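Comments concern the structure below.
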Protein chains: 2
Amino acid sequence: MTDVKSVNNPLFLREEELRQAIELLFFAYRDFTAGADNILEDYNFGRAHHRVIHFVGRNEGMTVSELLDILRITKQSLNRVLSNLIKRGFVEQRQGEEDRRQRCLYLTEEGRLLEQKVSRAQRELVANAFREAGGEAVAGYRKVLTGLIDETHRDTALNRILKT
Amino acid sequence: MTDVKSVNNPLFLREEELRQAIELLFFAYRDFTAGADNILEDYNFGRAHHRVIHFVGRNEGMTVSELLDILRITKQSLNRVLSNLIKRGFVEQRQGEEDRRQRCLYLTEEGRLLEQKVSRAQRELVANAFREAGGEAVAGYRKVLTGLIDETHRDTALNRILKT
DNA sequence: ATTTTACGTCAGTCATGTTGACATATATTT
DNA sequence: AAATATATGTCAACATGACTGACGTAAAAT
């Protein structure tokens with residue numbers, strides 16, 4: 001541990017610590033998403049479909065533009081995925097009541113079943129990690145990940161997550 | 001807060017807590033990667049190129065198959081990106097000394113510069129999140145993310161991260 | 001009445017992943 | 001020494017999910 005770098009350069013340990021934190025995020029995210037991907041594969045859906053199902057499931061009645069804002073993709077990109085989900089009966093649209101230009105999005109029964117299936121698998125994975133790590137660690141996880149969200153829209157993102 | 005769901009279903013709060021943790025990971029990862037993507041864009045490189053530069057930079061002399069094992073992509077996918085990086089002078093290969101079938105990978109000067117540039121931006125982001133969150137939270141972050149890594153190769157992954 | 005907004009859609013392109021087949025050099029095993 | 005296995009490269013075809021740009025339509029706002 002007392003090698004040249006750490007003796008001569010007090011920033012070295014910190015840099016190394018940060019590099020490790022970055023790789024940890026990479027590996028954790030890779031394995032976290034792998035489970036969902038496997039399930040979705042059976043339906044010939046990809047990660048993009050999952051994201052739509054996930055967010056529509058958690059925000060029933062949300063509009064297309066809200067969804068675009070969350071996903072940060074173009075409407076053309078979304079449309080291919082979304083119209084596919086609608087055609088195959090996992091998502092449905094209803095005209096907005098106040099503003100009839102809006103298309104409000106809902107999961108169908110089938111959509112809800114798939115959402116549950118994938119979500120359950122992911123929740124179990126996270127629940128295991130939480131259980132092993134303990135309550136205090138969970139609080140730390142939340143704090144750090146919150147800090148990784150871009151400041152300029154952190155509040156917006158947190159509001160959406162917490163659905164205040 | 002005392003709505004029907006939480007009164008009748010003691011699992012509801014836990015489920016909600018887990019769903020929030022999942023979305024938090026999604027948003028944090030999205031914003032974390034956005035910074036690097038921007039820099040890479042100036043070089044006409046994508047996230048795939050970055051991953052190669054990152055891991056080669058952290059494991060100088062690693063072989064192609066080690067890299068494949070980390071990235072979990074096919075050699076054909078890797079090859080397109082890798083040969084591009086070599087052609088453009090960011091990565092170089094040297095024949096393995098013990099096993100001359102192996103191609104050991106190194107960053108060139110230019111490669112190292114780019115790696116530093118992207119890494120510095122990412123480290124600053126993480127450093128800010130760590131600073132805001134505090135030391136205890138950082139420990140929790142590590143614990144939870146470690147737990148999210150697939151058990152079957154968690155030790156392998158951790159060894160690579162910590163470079164023991 | 002005009003303009004803006006929310007959404008849909010067509011067409012083409014790019015990056016990055018996949019499978020499958022085959023080649024070549026070197027190491028290992030028989 | 002010959003046969004086999006391994007590490008790597010490469011060609012070809014294809015899928016997914018991003019992108020840009022252009023255009024259309026209905027409804028809301030001015």
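Worth knowing before you read on, the calculation uses all heavy atoms, side chains too, and leaves out hydrogens, waters and symmetry mates. A, B, ... follow the sequence lines: proteins, then strands. Residue 1 opens every chain. Source: prediction; values computed, not measured.
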*Report, as yes or no, whether the 6.0 Å neighbourhood of atom CD on Glu60(A) holds more than 12 heavy atoms from other residues, nucleotides or ligands.*
yes

*Is there a donor on the side chain of Gln76(B) or the base of dG20(C) sitting less than 3.5 Å from an acceptor on the other?*
yes

Assign [X] to base, sugar-phosphate, or nothing according to its heavy-atom contacts below 4.0 angstrom with the strands shown.
X	value
Ser77(A)	base
Arg80(A)	base
Gln93(A)	sugar-phosphate
Thr63(A)	sugar-phosphate

Rounded to the Å, how far apart are [X] [atom1] and [N] [atom2]?
X	N	atom1	atom2	answer
Tyr43(B)	dC14(C)	OH	C1'	21 Å
Asn79(A)	dA11(C)	CG	P	14 Å
Lys75(B)	dT6(D)	NZ	P	13 Å
Leu105(A)	dA6(C)	CG	C1'	12 Å
Asp69(A)	dT5(C)	CG	P	15 Å
Glu41(B)	dC19(D)	CD	P	11 Å
Ile73(A)	dT16(D)	CD1	P	15 Å
Asp37(B)	dC19(D)	CG	P	11 Å

_Do Val52(A) and Leu71(A) make a side-chain contact, defined as non-hydrogen atoms from C-beta onward lying under 4.5 Å apart?_
yes

*Should His49(B) be listed as having a side-chain N or O under 4.0 Å from OP1 or OP2 of dA15(C)?*
no

*Could you tell me whether the phosphate oxygens of dT19(C), OP1 or OP2, come under 4.0 Å of any side-chain nitrogen or oxygen in Thr74(B)?*
no

_Would Arg51(A) and Phe26(B) count as a cation-pi pair here, with the cationic atom under 6.0 angstrom from the ring centre and within 45° of the axis?_
no

*Answer yes or no for Arg88(B) and Phe45(B): cation-pi contact, defined as NZ/CZ to six-membered ring centre under 6.0 Å and angle to ring axis within 45°.*
yes

*asked:* Run Leu82(B) and Gln93(B) through side chain to side chain contact (heavy atoms under 4.5 Å, CB included) and show every step you take.
replied: CA-CA 10 Å; Leu82(B) 184 55; Gln93(B) 291 180 315; 4.2 Å; yes

*Just do the salt bridge (Lys or Arg N to Asp or Glu O under 4.0 Å) check on Lys117(B) and Glu115(B) with the steps written out, would you?*
CA-CA 5 Å; Lys117(B) 188 172 177 177; Glu115(B) 195 281 330; over 6 Å; no

*Annotated protein contacts, base or backbone, on nucleotides 25-30 of chain C with a non-hydrogen cut-off under 4.0 Å, one of B, S, - each*: BBS---

*Go through the structure and list residues passing side-chain contact (heavy atoms from CB on, under 4.5 Å) with Arg120(B), not counting sequence neighbours.*
Gln116(B), Arg123(B), Glu124(B)

